[in-house]
Amino acid sequence: MIITRRKLLLGGSAVLAASAVTKAQSTISGSAKPRVVIIGGGAGGATAARYIAKGSDGKVDVTLVEANKNYHTCFFSNLYIGGFRTYDSLTHSYDKLQSEYGIKVVHDRAISIDRDSRKIDLENSVLDYDILILSPGIDFKEGSVNGWSLADQELMPHAYKGGEQVRLLKSQIEAMPEGGVFAIIPPAGSYRCPPGPYERVSMAASMLKQKNPTAKIILADPKPVFSKMGLFREGWKAHYKGMIDKYSDVDMSAFSVNPKEMTINLEGETIKVDACNVIPAQKAGQIAHMAGVTDGDWAPVYAKDMQSKLDENIYVLGDSAEQGDMPKSGFSANSQAKVCANAVLGKLIGSSVFPARFMNTCWSMISSDNSVKIGATYQATPEKIAKVEGFVSDRGEDQAMRKSTFDESVNWYSSMTSDMFG
Amino acid sequence: MRAAAFISAFLVGILGSAQMSFASAEYGAYLASTCRNCHHESGTLPAIESMTTAQFRLNITSFKSGERVSKVMKPIAQGLGPLEVDALVSYIKVRRQGVEK
């Protein structure tokens, strides 16, 4: 039924478009407009809210549910650790989305979703929806690092969601005694921002080189290889020689941390650490699991529009989605949100639906005025979001090229956050 | 925002017929949303709406051929066929008529 309607809408019949709107309206008593509710006000959710509100010209009721009053970007948070950005410069308000785009921003937490009656229980109210877009980012898999649980996040921060956790980690690295040890444990499996942990090593090293040059960094990585590995290793050798002890392919069953003692156990040896960043293995945000749209750790979606494979009224964006080749990144989530917004508008108000196209670039800063990048264009195939063509910075690039890549990343940050928040 | 609402109303008004061509300003607006990640009024690279249509075509052609070298722009330009370039040009034309002001 729904599939038939969508096919007909793609055909562009105004009459059928009108009947689709009528149908959407009839599902909610007393509502004059189809209702879209978006859970999660990050790169996916804020972008989807803004593009749906902007594109619907007032014909769709858009509600954005986000627990936090302000958004602290996870992207560029490593630059804050390195001292290249202020905390305030990573903080964004939802005010414009409300005042300029007519989006209802509800600062609350979704606790359950009834898919049959299309109702969402928030802690303080209930919302009805015709279309629900989930963009809840990531949550952590308990037990992925022996000795660590979420209750230990003050002692050994994950700092893998923007905001307070990142501030805490930075203050702990800064407070290390002279010649102290900072350990970082990247995650195994599929996780947010593949180069993120290694940019973090670079930024911590950059800060320590200035303030605590005899300090050491231990990188204990469960993976044998990682994103932009050649570029990072080249940069570390050139800028942070002797500061970083690298362990790869670490057997996590034999590895553990002790947050109360501030030690790690690596290859049978107990090592005292002064700051420790445990980035656990990850899964879709909890609300996606509670909604029952996950299969394993992530929420499978169709590549053409990010619609859940398990519920035609739900779409999943960004880190939580299992979509194919795109890395989990803010840029990816933003790109997916635009495709999703176009499809949802087509479904609700009969506007034109265009073929999906996606884009991502991840910039990583290695040292002052020295950044590298990796990225690709993507298209929707029946099976997945598939990479079309990619690029990556070259090893041995000159300083001018690296500076220009850094400038590009700063320009992207400002464009991207304007695209999200207006 | 008022400008944005006006432009979208304008696009829907003149181009929103049921059987519109894909090489429309509306398709162009959809494609341009990807450009905006880096080419935004708030950033340092020119917004595509600030380019003349001739400049825009030349930029895409030269990135596509490799005459202008850019790791990021090459795959983007190569992903734009004649239909997409025409759609983006239609969109830029509409925006540059100053309707949004």
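Note on naming: letters A, B, ... go to the chains in the order of the sequence lines (proteins, then strands), and numbering restarts at 1 for each one. Source: prediction; values computed, not measured.
- For the pair V392(A)/K71(B), no side-chain contact is recorded, criterion being any heavy-atom separation below 4.5 Å from C-beta on.
- Between the side chain of S418(A) and the backbone N or O of S42(B), no donor-acceptor pair lies under 3.5 Å.
- Contact check for Y30(B) versus V339(A): side-chain heavy atoms found under the 4.5 Å cut-off.
- P355(A) places a side-chain heavy atom less than 4.5 Å from the side chain of Y27(B).
- Within a 6.0 Å sphere centred on CD of E67(B), other residues, nucleotides and ligands contribute 12 heavy atoms or fewer.
- For N360(A), no part lies under 4.5 angstrom from a heavy atom of chain B.
- You'll find the side chain of T377(A) reaches within 4.5 Å of the side chain of P75(B), heavy atoms only.
- In this structure, the side chains of S33(B) and Y51(A) come closer than 4.5 Å at one or more pairs of heavy atoms.
- Taking CZ from F354(A) and CG from L31(B), the interatomic distance works out to 8.0 Å, rounded to the nearest 0.5 Å.
- Within the 4.5 angstrom heavy-atom criterion, only side-chain atoms of N334(A), from C-beta onward, approach chain B.
- Interface residue Q78(B): only side-chain heavy atoms are found under 4.5 Å from chain A.
- Per-residue counts of heavy-atom pairs under 4.5 Å with chain B were compared for G375(A), A376(A), S393(A), G58(A); the largest is that of S393(A).
- Side-chain atoms of V72(B) and E408(A), non-hydrogen and from C-beta on, do get closer than 4.5 Å to each other.
- Looking at K96(A), there are no atoms closer than 4.5 Å to chain B (heavy atoms on both sides), in backbone or side chain.
- Using a 4.5 Å cut-off between heavy atoms, M359(A) contacts chain B through its side chain alone, with no backbone atom that close.
- S415(A) and C38(B) make their closest contact through OG-O, 3.3 Å (heavy atoms, listed as atom of the first residue, atom of the second, distance).
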Test K74(B) against E389(A) for salt bridge (charged side-chain N to carboxylate O under 4.0 Å, His left out), laying out the working first.
-> CA-CA 9 Å; K74(B) 191 177 181 188; E389(A) 201 187 332; 5.5 Å; no
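- Note: N37(B) CG to W412(A) CH2 = 8.0 Å, rounded to the nearest 0.5 Å.
- Looking at R36(B) and M416(A), their side chains never come closer than 4.5 Å, going by heavy atoms from C-beta outward.
- Atom CE of M401(A) has 12 or fewer neighbouring heavy atoms from other residues, nucleotides or ligands inside a 6.0 Å radius.
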Kindly determine whether N411(A) and T44(B) satisfy side-chain hydrogen bond (donor to acceptor under 3.5 Å, both in side chains), including the steps that lead there.
-> CA-CA 6 Å; N411(A) 171 66; T44(B) 49; 3.2 Å; yes
